[in-house]
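Order of listing sets the numbers, starting from 1, for every ligand and every atom in it. For clarity, every value in this text was computed on a predicted model and none was experimentally measured.
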Amino acid sequence: MDKKIKFTSYTLEEIQELFLINQIEEYRAKQIFGSLYEKYTTSFDDINNIPKLLKEKLNSIFTLDIPEIMDISKSEDNTTKFLLKLEDGNTIECVYLPYNDRNSICVSTQVGCPVGCDFCASCVNGYIRNLEVSEIIGQILAVQKEINKKITHVVYMGIGEPLLNYNNVVRSINIINRNLNLSERRITVSTSGIVSKIKKLATADLDITLALSLHTPYQYDRIKLIPTARENTIDDLLLACDDYFTKTKRRITWEYLLIKGVNDSELHAKSLANLAKLHKAHINLIPYNPVKGKRYKRPDYNAIRKFNDVLKSHKVVFSIRQEKGTNENAACGQLRNEN
Ligand code: SF4
């Protein structure tokens, strides 16, 4: 296993300290940071303004740990899915989502996922390991280089349950904020609902958006969709969300995958609306994207509209997610390691 220091797991001040220890001039750290984070360089060898000897020294002490792009698939709407190979040969996926006003990336946090949601493609091949901080940052750097643009928003909604890789996820948020100069308000962490970690995150002093994959207002339904819902009951989750809101003053988004015949009834909509008002949540409706080998289906247009009308009549704050990447399996819940 590589014992080199993972460069992108550290802030500028920390790298400056490491440079001092390794007898590298401190000012070089800023030059290298400028190249990596602002000019989309992904190798020490490609940095123009440092001497060859220093490049050799950097390569002998540090690794940038940037995943290798194995495959790129682009949707009609330019949403682009990247298949990435990690240093140990495992593969993950991430998605670039271009909008008129922002360049967003959806990153993975684990190789596979241990949660095993019944509707999701990401856990089909099981769970292997957590991603390192540098592997989370590496997804952004690899994509920035490929698109030759700065990423402006980061969503932790790719493969894996971010809160089950808590320390590395929180550390990567700090690195994105400081090294990529991206406000925490532009970062969203989506969780299937791990009560103890939501409570911990509430005290982490982060200004991010937390998105909870609620998917149904009923505990009975939820345990069929999300196995970990047995230990993380809706009642406990809602208490944790209230605590999060009280401590952070940040309104939580409830993600709601609308699935035909499962959670798209009028009764579901009414109960959801009442809960959302009570807990001051914002609802994000996501019509289900079909996944190969899964029995779930997307509701038809009329069912989606009816659900929408019930929420509207209850004056709930909600939105319907803009569809992106569906024809390239790059949409929510569709990421998987197909290799
Ligand atoms: S939906 Fe999220 S938490 Fe559930 S299995 Fe898929 S990646 Fe894991």
Side-chain angles (χ1 to χ4, degrees), residues 81-84 86 90-95 97 105-131 135-136 139 154-166 168-169 172 187-198 201 208-216 219 221-234 236-237 240-241 252-259 262-263 283-298 321 324-326 329-339:
K81 184 167 72 168
F82 294 86
L83 174 68
L84 302 170
L86 305 170
N90 277 308
T91 53
I92 52 166
E93 291 183 341
C94 73
V95 183
L97 303 119
I105 186 174
C106 171
V107 293
S108 292
T109 52
Q110 297 180 310
V111 181
C113 182
V115 176
C117 298
D118 201 37
F119 51 80
C120 175
S122 302
C123 56
V124 168
N125 297 331
Y127 164 72
I128 297 177
R129 66 172 177 86
N130 280 335
L131 294 189
E135 291 171 327
I136 298 172
Q139 295 171 60
V154 179
V155 187
Y156 288 76
M157 205 183 276
I159 299 171
E161 163 52 63
L163 297 189
L164 291 181
N165 186 8
Y166 183 90
N168 289 349
V169 163
S172 68
I187 299 173
T188 300
V189 172
S190 173
T191 177
S192 59
I194 311 291
V195 171
S196 59
K197 304 294 182 187
I198 293 174
L201 196 65
I208 56 167
T209 299
L210 180 65
L212 166 69
S213 297
L214 191 68
H215 302 331
T216 168
Q219 173 68 7
D221 279 351
R222 204 163 182 272
I223 54 177
K224 290 192 220 155
L225 295 172
I226 306 173
T228 50
R230 282 183 199 283
E231 311 87 69
N232 298 277
T233 63
I234 288 192
D236 289 345
L237 269 177
C241 288
I252 293 187
T253 300
W254 289 355
E255 308 279 359
Y256 197 99
L257 265 188
L258 261 181
I259 308 174
V262 172
N263 61 1
I283 297 169
N284 192 11
L285 285 184
I286 312 159
Y288 183 67
N289 299 303
V291 168
K292 207 163 59 184
K294 297 281 179 186
R295 62 196 162 94
Y296 298 110
K297 293 194 172 70
R298 170 191 293 251
R321 181 172 302 162
K324 278 200 161 290
T326 320
N329 289 343
C332 186
Q334 289 186 316
L335 293 192
R336 72 193 294 178
N337 170 6
E338 288 187 273
N339 274 18

(message) With a sphere of 6.0 Å drawn around NZ of Lys224, does it hold more than 12 non-hydrogen atoms of other residues, nucleotides or ligands?
(response) yes

(message) What I'd like to find out is whether the side chain of Val169 reaches to under 4.5 Å of the side chain of Lys197, using heavy atoms alone.
(response) no

(message) For Ser192, which part has a heavy atom under 4.0 Å from ligand 1: side chain, backbone, both, or neither?
(response) side chain

(message) Treating Tyr288 as the side-chain partner and Phe119 as the backbone partner, does any N or O pair qualify as donor plus acceptor under 3.5 Å?
(response) yes

(request) Could you grab the distance from atom OG of Ser122 to atom CD1 of Ile92, nearest 0.5 Å is fine? (result) 11.5 Å

(message) With heavy-atom distances below 4.0 Å as the criterion, list the atoms of ligand 1 near Ser122.
(response) 7 (S)

(request) Mark up the atoms of ligand 1 that fall under 4.0 Å of a heavy atom belonging to Gly116, in ascending order. (result) 5 (S)

(request) Measure from atom 8 (Fe) of ligand 1 to each N, O or S atom of Cys113 and report whether any distance is below 2.8 Å. (result) yes

(message) Counting only heavy atoms, tell me which of Gly160, Ser213, Cys123 gets closest to atom 2 (Fe) of ligand 1.
(response) Gly160

(message) Using only atom types and a distance under 3.5 Å, with no angle test, would you say the side chain of Glu135 pairs donor to acceptor with the backbone of Ser108?
(response) no

